[in-house]
Amino acid sequence: MDIQIPFDNSYVRLPAEFFARQAPAPVSAPALIAVNRELADELGIVLGDGAELAQIFAGNLLPDGAEPIAQAYAGHQFGGFSPQLGDGRALLLGEVVDQQGTRRDIQLKGSGQTPFSRAGDGRAWLGPVLREYVLSEAMHALGIPTTRALAAVATGDLVYRQEGGLPGAVLTRVAASHLRVGTFQYFAARQNVDALRQLFDYARARHYPEAVTPGDLLRAVIERQAALVAKWMGVGFIHGVMNTDNTSISGETIDYGPCAFMDSFDPQTVYSSIDRNGRYSYANQAQVIVWNMAQLATALVPLMPDQDDAIAEFTEAVHAMPEIIEAEWLRVFGAKIGLAAPDEADRELIVDLLRVMHEGGADFTNTFRTLARGEAEGEFDDPAAFGAWYERWQLRLANEDGWRPRMDAVNPAIIPRNHRIEQMIASAVAGDYAPFHRLMDVLSRPYEDQLDAMELTQPPNPQEVVRQTFCGT
Ligand code: AMP
Ligand code: MG
């Protein structure tokens, strides 16, 4: 075989109740859409001459050393607990240790049914596969922890969804791990304390070697998740399905379903078609992540010798989280307006800008990007309200050095706008992958002004606006 993936698999060595062994289900006519050569290098993967890549990343051919498994997990979905979810359309092929020495999972998504598929077909269609490919790589280029995309393959088979028969595809996803809050919940719900302890040991060794106790692990995950959600908010990202099975222990963004970056700023923004109550709206993310961490805390309690002490310690950790998020948020948004060390007095300045943006229908990304150039006024319906804020900001900047490069380094010129993603998917379905490749290219340099890509920086015109996105099923 030409391709060489230096597998070093650990999850499959855990006890049998952690997963089910499952081979991918072959597809009719695999065709390679994209392979991420830079990421392959980082992972120590030798891709070879390319002849087998479509077969490999479709699941038709197993690379040497792969030991495919579907992982077991549970999760709270929109607040309701499902004791058994698991990989219903994904398979972990195995792990590699990358050039930094970090263990990474290599997973096929859309590779057929598994024992956890329930009523699902185990497949994915092209739209969600390309959406995840572009958004996860864009997120990485923005400097935000995320799973990555290694490859996308069209299967040549149709996948049947509400809309009818759609072209099938498989995504190869790379993650620091696929351990979720829901993985802990899976064993806690079964009162399987032995497995829970093995999971704890595994998670700690893999992600938080400095953590000794379950409380240490909880506090470490809380820190990473607080930082992650603040970073999402800083780029106007709405995850859309922050269920506990989509909340990773490593602190990476995972599961790009109905997610989107917002255009004009409105904290109540929701895109997901299934999120009718706005549980996972832009602004609610900061509260929902605390709720999700409370679920992790609950799942860790059985590991503790004294339940009352455990509850007291974990409650304190969870209650401390909003303050950690606030501090991260202040750092993120402080930098967005050029402040190296924002303090509590600056919080009001930021909140006021966001209010003027909301009232003025301002585009989130373009307002922050043009602010440093003194050109943001055009973003506002009412330039006077913005003008008053601008005066205050100028006064605050008077004793701030290097604010402009600081702002340009954190305020992207370009994000994957929803209407462009939808247009890219429509083109791909029609057989034209040029918009996909162009988005991938431009989004790899989000903090640069790219004069030949100005059309991709513009918000949608009224006919182009996308108000709803759908789950990646
Ligand atoms: P998600 O909303 O993508 O996080 O998925 C939630 C659960 O539904 C997971 O257990 C998935 O494996 C499962 N699932 C989603 N789509 C499918 C599908 N097409 N076939 C089988 N299982 C699926
Ligand atoms: Mg999921």
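We count ligands from 1, going down the list as the structure has it; atoms in each ligand are counted the same way.
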With a 4.0 Å cut-off, would you call [X] and [Y] a salt bridge?
X	Y	answer
D194	R197	no
R204	E210	no
D255	K109	yes
D98	R104	yes
E422	R131	yes
R420	E455	no

Counting only heavy atoms closer than 4.0 Å, does ligand 1 sit against the backbone of [X], its side chain, both, or neither?
X	answer
Q113	neither
L85	both
N243	neither
V241	neither

task = Over all heavy atoms of both residues, which pair between A154 and Y433 is shortest? Give the atoms and the distance, please.
result =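 The pair with the smallest heavy-atom distance is CB-OH, 4.4 Å.
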task = Identify the heavy atoms of A335 and V410 that sit nearest to each other, and give their distance.
result = O-CG2, 3.6 Å
Below the 3.5 angstrom mark, is there an N/O of [X], backbone or side chain, next to an N/O of ligand 1?
X	value
Q77	no
F116	no
D87	no

key: Residue-ligand contact R161/ligand 1, heavy atom below 4.0 Å   =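 Per 4.0 Å heavy-atom rule, R161 contacts ligand 1.
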ask   = Out of curiosity, is D121 lining ligand 1, as in a heavy atom under 4.0 Å away?
value = yes
Which ligand 1 atoms are under 4.0 Å away from a heavy-atom of [X]?
X	value
N246	4 (O)
G120	20 (N), 21 (C)
D255	4 (O)

ask   = What atom name does the N, O or S atom of D255 nearest to the Mg ion (ligand 2) carry?
value = OD2
ask   = Is NZ or CZ of R190 both nearer than 6.0 Å to the six-membered ring centre of Y186 and within 45° of the ring axis?
value =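 Satisfied, under 6.0 Å and within 45°.
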key: Ring-face cation of R279 near F78 (centre distance under 6.0 Å, axis angle within 45°)   = no
Which option, [options], owns the non-hydrogen atom nearest [atom]?
atom	options	answer
atom 3 (O) of ligand 1	Q84, R180, R89	R89
atom 18 (C) of ligand 1	G122, S82, A90, G86	G122
atom 21 (C) of ligand 1	G88, G110, A119	G88

task = Using 2.8 Å as a strict upper limit, say whether an N, O or S atom of N243 approaches the Mg ion (ligand 2) that closely.
result = no
task = Taking the six-membered ring for Trp and the single ring otherwise, decide whether the centroids of F18 and F187 are under 6.0 Å apart.
result = yes
